[in-house]
Amino acid sequence: MRIAPRLIAWQRVHGRHGLPWQLTRDPYRVWLSEIMLQQTQVAAVIDYYARFLKKFPTVKKLAQATSAEVMAQWAGLGYYARARNLHACAQQVVNTWGGSFPTTAQELVTLPGIGPSTAAAIAAFCFAERAAILDGNVKRVFSRHAGIEGDPSLRVVEQQLWAIARKQLPTARICEDDPDAMASYTQGLMDLGATLCTRSRPRCSECPIRANCIAHKEGRTDELPSARARKALPERTVAMLIAHRPGQLLLEQRPQTGIWGGLWSLPEFEPDSSSADLCSSLGLNAQEIQPLTDFLHVFTHYRLTIRPVLVRVSKEKTSLKESLDNRPALQWISLASLDSKGLPAPIRKLLLGLKSDEVLS
DNA sequence: AAACCGGGGCA
DNA sequence: TGCCCAGGTTT
């Protein structure tokens with residue numbers, strides 16, 4: 001069942017109107033709004049859009065600006081890589097397209113920062129091209145309407161959705177009769193996804209295409225689109241040296257950048273390397289080496305297995321300095337001052353366990 | 001804290 | 001060509 005006629009009619013009555021970028025068919029302005037809207041909600045974009053256009057009224061002005069000027073206008077919007085693409089795109093429009101945006105999706109998609117969906121949106125709004133968009137909102141609309149199972153980010157599923165998006169375009173006949181059909185249809189898809197066919201609590205009772213919506217018919221709007229398969233977190237294993245001598249523990253300050261930047265932690269080493277070799281390379285007089293049970297910590301981006309190796313070091317003063325040209329951040333720390341050091345939470349927890357087991361003294 | 005996101009970049 | 005992710009915000 002075709003949705004285009006109902007969607008077009010619905011958009012004209014219930015869709016969003018009067019937004020600054022809807023009052024023009026200037027591809028520069030439409031392009032700018034599409035890029036900004038990729039990452040930010042309409043309400044936040046409005047002010048940036050106005051300020052940006054005031055500063056850079058034409059694509060030529062934007063192309064001539066310095067990156068610093070562009071970044072300054074973009075500051076606060078986030079996703080700064082896209083501001084760089086924006087600038088590069090403007091320069092490319094000036095340098096290779098004579099200052100006018102190309103007029104087909106096929107050509108638009110060759111510009112930096114413009115992918116298939118954005119290219120189609122610009123072509124549809126500005127040039128009434130029968131080009132299909134497929135952004136996140138539209139994926140949700142079609143997944144539900146056509147009852148498409150599977151994670152929409154999967155190749156096969158996405159291909160199905162693109163096929164549906166093309167199939168549902170207003171017919172050539174409709175577009176001939178109504179020059180605004182593509183603009184209304186494209187805007188309608190976006191508006192439907194943004195205002196009614198929302199991820200949670202969709203307002204199906206107001207939806208113009210609910211009659212043929214499979215998810216609605218089967219009461220499965222909260223199951224479609226299928227949730228992205230939770231990617232198993234990458235796994236890393238590190239060995240950590242718990243070198244102690246009476247009242248003291250050997251810690252190492254981490255580099256300022258990266259995980260636990262600047263915090264004090266246990267010295268790390270390769271999980272498969274020999275603890276005895278490591279101790280001698282550090283000039284530690286190891287009295288006893290005892291591997292402990294693995295300790296798991298889950299980060300946002302990966303699972304870290306810590307393989308602690310407990311090393312009792314003899315009382316006698318051992319000098320770290322000579323062996324430590326490559327690890328200058330190593331330092332003996334008194335157990336009493338541990339609490340005042342910035343220790344990563346999992347390390348603190350690990351050490352606390354040892355303390356309560358009276359392994360450390 | 002977890003879900004989500006178009007396009008770029010890279011194998 | 002196909003997959004992954006950086007870099008953010010929203011729920």
Side-chain angles (χ1 to χ4, degrees), chain A residues 21 30-49 67 70-71 73-93 105-125 131-144 148 150-163 165 186 189-190 193-203 221-236 257-259 261 297-304 345-346:
Chain A
W21 45 88
V30 171
W31 163 72
L32 178 62
S33 74
E34 287 299 323
I35 302 296
M36 285 186 168
L37 288 165
Q38 276 176 8
Q39 54 208 27
T40 312
Q41 298 205 321
V42 167
V45 162
I46 288 179
D47 286 345
Y48 276 92
Y49 181 78
S67 354
V70 176
M71 289 315 231
Q73 287 303 307
W74 200 268
L77 269 180
Y79 301 94
Y80 299 96
R82 296 186 184 188
R84 286 193 292 278
N85 283 333
L86 189 86
H87 195 202
C89 181
Q91 293 176 331
Q92 205 161 309
V93 167
Q106 193 189 334
E107 294 165 314
L108 285 162
V109 81
T110 67
L111 293 166
I114 300 183
S117 188
T118 303
I122 299 169
F125 285 132
I133 60 166
L134 192 68
D135 66 13
N137 281 341
V138 177
K139 281 181 184 174
R140 186 170 55 251
V141 170
F142 285 136
S143 296
R144 286 175 174 164
I148 301 298
D151 176 354
S153 69
L154 291 179
R155 198 69 181 173
V156 280
V157 178
E158 191 177 19
Q159 288 308 322
Q160 288 182 68
L161 291 170
W162 273 114
T186 303
L189 270 182
M190 294 175 166
T195 65
L196 297 185
C197 196
T198 49
R199 188 153 63 92
S200 55
R201 303 166 150 274
R203 291 149 63 186
T221 50
D222 51 355
E223 292 163 35
L224 295 173
S226 310
R228 175 193 292 258
R230 299 250 357 225
K231 184 174 64 171
L233 296 177
E235 207 136 349
R236 270 190 57 214
T257 57
I259 182 177
H297 183 69
V298 183
F299 289 100
T300 316
H301 294 92
Y302 61 94
R303 294 155 60 91
L304 181 66

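Order of the sequence lines fixes the chain letters, A, B, ..., with proteins taken first and strands second; residue numbering starts at 1 for each chain.
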Report the distance from atom [atom1] of [X] to atom [atom2] of [Y], rounding to the nearest 0.5 Å.
| X | Y | atom1 | atom2 | value |
| --- | --- | --- | --- | --- |
| A:Leu154 | A:Gln160 | CG | CD | 10.0 Å |
| A:Asp47 | A:Leu77 | CG | CG | 10.0 Å |
| A:Leu111 | A:Leu86 | CG | CG | 11.0 Å |
| A:Asp222 | A:Arg144 | CG | CZ | 8.0 Å |

What does the list of N/O pairs under 3.5 Å between the protein and nucleotides 8-10 of chain C look like, with a distance for each?
unit_1 : atom_1 : unit_2  : atom_2 : d
C:dG8  : N2     : A:Tyr79 : OH     : 3.4
C:dG8  : N3     : A:Tyr79 : OH     : 2.5

Query raised in the report: If only side-chain N and O atoms of A:Ser153 are considered, is one of them under 4.0 Å from the OP1 or OP2 phosphate oxygen of B:dC5?
Result: no
Nucleotide [N], atom [atom2] - distance to [atom1] of [X] in whole Å:
| X | N | atom1 | atom2 | value |
| --- | --- | --- | --- | --- |
| A:Asp135 | B:dC4 | CG | C1' | 12 Å |
| A:Trp74 | C:dG7 | CH2 | P | 16 Å |
| A:Asp151 | B:dC5 | CG | P | 10 Å |
| A:Glu158 | C:dC3 | CD | P | 11 Å |
| A:Glu223 | B:dA3 | CD | P | 17 Å |
| A:Trp162 | B:dG7 | CH2 | C1' | 12 Å |
| A:Gln38 | C:dA6 | CD | C1' | 14 Å |

**Report entry** Sidechain-backbone polar pair: A:Ser117 side chain, A:Ile133 backbone, donor-acceptor under 3.5 Å
**Finding:** no
Query raised in the report: Just by distance, do the side chain of A:Tyr48 and the backbone of A:Ala75 share a donor-acceptor pair under 3.5 Å?
Result: yes
Query raised in the report: Residues in ring-ring contact (aromatic ring centres under 6.0 Å, His included) with A:Trp162, at least two apart?
Result: none
Report task. Check the pair A:Phe125 / A:Glu34 against side-chain contact (heavy atoms from CB on, under 4.5 Å), numbers first and verdict last. Result -> CA-CA 11 Å; A:Phe125 285 132; A:Glu34 287 299 323; 3.6 Å; yes
Query - A:Arg84 vs A:Ser200, nearer the 5' end of DNA chain C by closest nucleotide - result: A:Arg84
Protein and nucleotides 8-11 of chain B: nitrogen or oxygen contacts under 3.5 angstrom:
unit_1 : atom_1 : unit_2   : atom_2 : d
B:dG8  : OP1    : A:Gly113 : N      : 2.1

Requested in this report: Start with the C-alpha gap between A:Phe142 and A:Leu189, add the side-chain angles, then the distance that decides, and say whether side-chain contact (heavy atoms from CB on, under 4.5 Å) holds.
Outcome: CA-CA 9 Å; A:Phe142 285 136; A:Leu189 270 182; 3.9 Å; yes
